[in-house]
Amino acid sequence: GRGFAFRRKQKIERQYRKLLKKRRQVDSQQGDQFTDTYPEHLKHLYLAEEEKLKKRRRTPDDSVSSEEKLNKAAETCTFSSRLVVTQEKVKNKTSNQKAKEEYEKIKAEQARKKEEAEKRKQQREEAQRLYKKKKMEAYKILSKKTKKGQPNLNLQVEFLLQKIQQNT
């Protein structure tokens, strides 16, 4: 019949097929890894990058001589032309360097905003503390009572007089 042994056999067969399928996918991925097939809409970018790399990969003798030429040119030129050379080097940044710079900019902006928010919070807390202090003093003066439990009108009038004098 179709008991537990049959189900176990089917399960093992399924696992085996799955394993074979994974191996085929891994093999095909490794094969695709070294081919030059690019998406059509990005092909021009990849080809341009390849050209740049080919130009950079020239023989070491060429690179040494070009560096020597640059050094000689820099020595003979004025300071302003040296700035131009360094600016050209700065312009030729890799995407990783650009991303790092942008990340640093964003981090600095976030830190600045956080600092400003902290200052505003401290100022607000200080203002609230002063406000509560004034309120408490006013409440103490206005809530004083005489021995018989009546409100002390002399203190209230003095408080109002002080308030008017401060405003003018």
Side-chain angles (χ1 to χ4, degrees), residues 18 22 25-26 29-30 32-34 36-58 60 62-168:
K18 202 186 288 184
K22 279 185 184 176
Q25 286 178 350
V26 169
Q29 284 176 354
Q30 286 176 351
D32 291 342
Q33 189 176 10
F34 300 108
D36 290 340
T37 55
Y38 305 120
E40 198 60 41
H41 65 287
L42 298 175
K43 198 169 196 171
H44 65 284
L45 296 173
Y46 286 108
L47 294 174
E49 190 70 24
E50 276 184 26
E51 289 299 318
K52 282 184 185 177
L53 290 174
K54 284 178 184 175
K55 287 178 183 177
R56 286 184 188 169
R57 267 194 236 138
R58 289 186 180 159
D62 290 344
S63 63
V64 169
S65 62
S66 64
E67 285 177 14
E68 288 174 359
K69 289 175 188 174
L70 272 177
N71 289 338
K72 287 178 185 175
E75 288 171 4
T76 58
C77 294
T78 62
F79 182 72
S80 60
S81 63
R82 286 183 186 173
L83 272 178
V84 172
V85 171
T86 56
Q87 285 176 352
E88 286 175 11
K89 287 181 181 177
V90 171
K91 285 180 186 177
N92 296 331
K93 292 180 181 172
T94 63
S95 60
N96 190 28
Q97 289 172 331
K98 289 177 188 174
K100 279 184 181 179
E101 282 184 2
E102 196 162 322
Y103 172 76
E104 293 300 325
K105 273 187 201 173
I106 291 170
K107 276 288 189 188
E109 184 69 20
Q110 286 175 345
R112 188 183 59 77
K113 284 183 180 179
K114 195 174 186 180
E115 200 172 290
E116 288 175 1
E118 190 67 32
K119 281 184 183 177
R120 283 195 307 269
K121 186 179 178 185
Q122 287 177 350
Q123 289 173 349
R124 189 171 57 243
E125 287 174 352
E126 182 67 21
Q128 283 179 341
R129 192 181 58 75
L130 289 172
Y131 173 77
K132 285 182 179 179
K133 185 179 177 184
K134 273 187 176 179
K135 277 290 211 188
M136 197 58 168
E137 289 174 0
Y139 174 75
K140 284 181 181 178
I141 291 171
L142 294 174
S143 66
K144 283 197 174 176
K145 308 265 189 234
T146 61
K147 289 181 182 176
K148 293 183 178 179
Q150 298 298 315
N152 193 339
L153 295 177
N154 288 336
L155 291 175
Q156 289 182 7
V157 170
E158 282 179 28
F159 176 73
L160 290 173
L161 180 65
Q162 285 177 357
K163 208 174 194 183
I164 291 169
Q165 287 174 347
Q166 284 177 356
N167 288 341
T168 57

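All values below were derived from every heavy atom in this structure, side-chain atoms included, with hydrogens, water molecules and symmetry-related copies excluded.
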Participant: Please check if atom CD in Glu102 has more than 12 non-hydrogen atoms from other residues, nucleotides or ligands closer than 6.0 Å.
Facilitator: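 Check fails, neighbour count at 12 or below.
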Participant: Do NZ/NE/NH1/NH2 and the carboxylate oxygens of Glu109 and Arg112 come within less than 4.0 Å?
Facilitator: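 Answer for the salt bridge query: yes.
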Participant: Can a salt bridge be assigned to the pair Arg129 and Glu126 using a cut-off of 4.0 Å between side-chain N and carboxylate O?
Facilitator: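 Salt bridge: yes.
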Participant: As an exercise, state the distance from NZ of Lys132 to OH of Tyr139, rounded to the nearest 0.5 Å.
Facilitator: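 So the NZ of Lys132 and the OH of Tyr139 are separated by 15.5 Å.
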Participant: In Å and rounded to the nearest 0.5 Å, what is the CG to NZ distance from Leu47 to Lys52?
Facilitator: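 Answer for the CG-NZ pair, Leu47 versus Lys52, is 13.0 Å.
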Participant: Side chain of Gln97, backbone of Thr94: donor and acceptor closer than 3.5 Å?
Facilitator: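 Confirmed, Gln97 side chain pairs with Thr94 backbone.
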Participant: Report the distance from atom CD of Glu158 to atom CG of Asn152, rounding to the nearest 0.5 Å.
Facilitator: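 Those atoms lie 8.5 Å apart.
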Participant: Does a sphere of radius 6.0 Å around CD in Glu125 hold more than 12 heavy atoms from other residues, nucleotides or ligands, not counting ones at 6.0 Å or beyond?
Facilitator: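 Atom CD in Glu125 is crowded, with more than 12 foreign heavy atoms closer than 6.0 Å.
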Participant: When rounded to the nearest 0.5 angstrom, what is the spacing between CD in Glu101 and NZ in Lys105?
Facilitator: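 Rounded to the nearest 0.5 Å, the CD-NZ separation comes to 7.0 Å.
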Participant: If every non-hydrogen atom of Gln156 is compared with every non-hydrogen atom of Leu142, which pair is closest and at what distance?
Facilitator: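 Smallest interatomic distance, heavy atoms only, reads NE2-O, 3.2 Å.
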Participant: Can you give me the closest heavy-atom contact between Ile141 and Leu155, atom names plus distance?
Facilitator: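 Smallest heavy-atom distance, with atoms named: CG2-O, 3.7 Å.
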Participant: Once you round to the nearest 0.5 Å, how far does NZ of Lys121 lie from NZ of Lys114?
Facilitator: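 With rounding to 0.5 Å, NZ (Lys121) is 11.0 Å from NZ (Lys114).
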Participant: Is the number of heavy atoms from other residues, nucleotides or ligands within 6.0 Å of NZ (Lys145) greater than 12?
Facilitator: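 Counting other residues, nucleotides and ligands, NZ of Lys145 exceeds 12 neighbours.
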Participant: Nearest 0.5 angstrom please: Glu49 CD to Ser95 OG, how far?
Facilitator: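 If I round to the nearest 0.5 Å, the distance is 7.5 Å.
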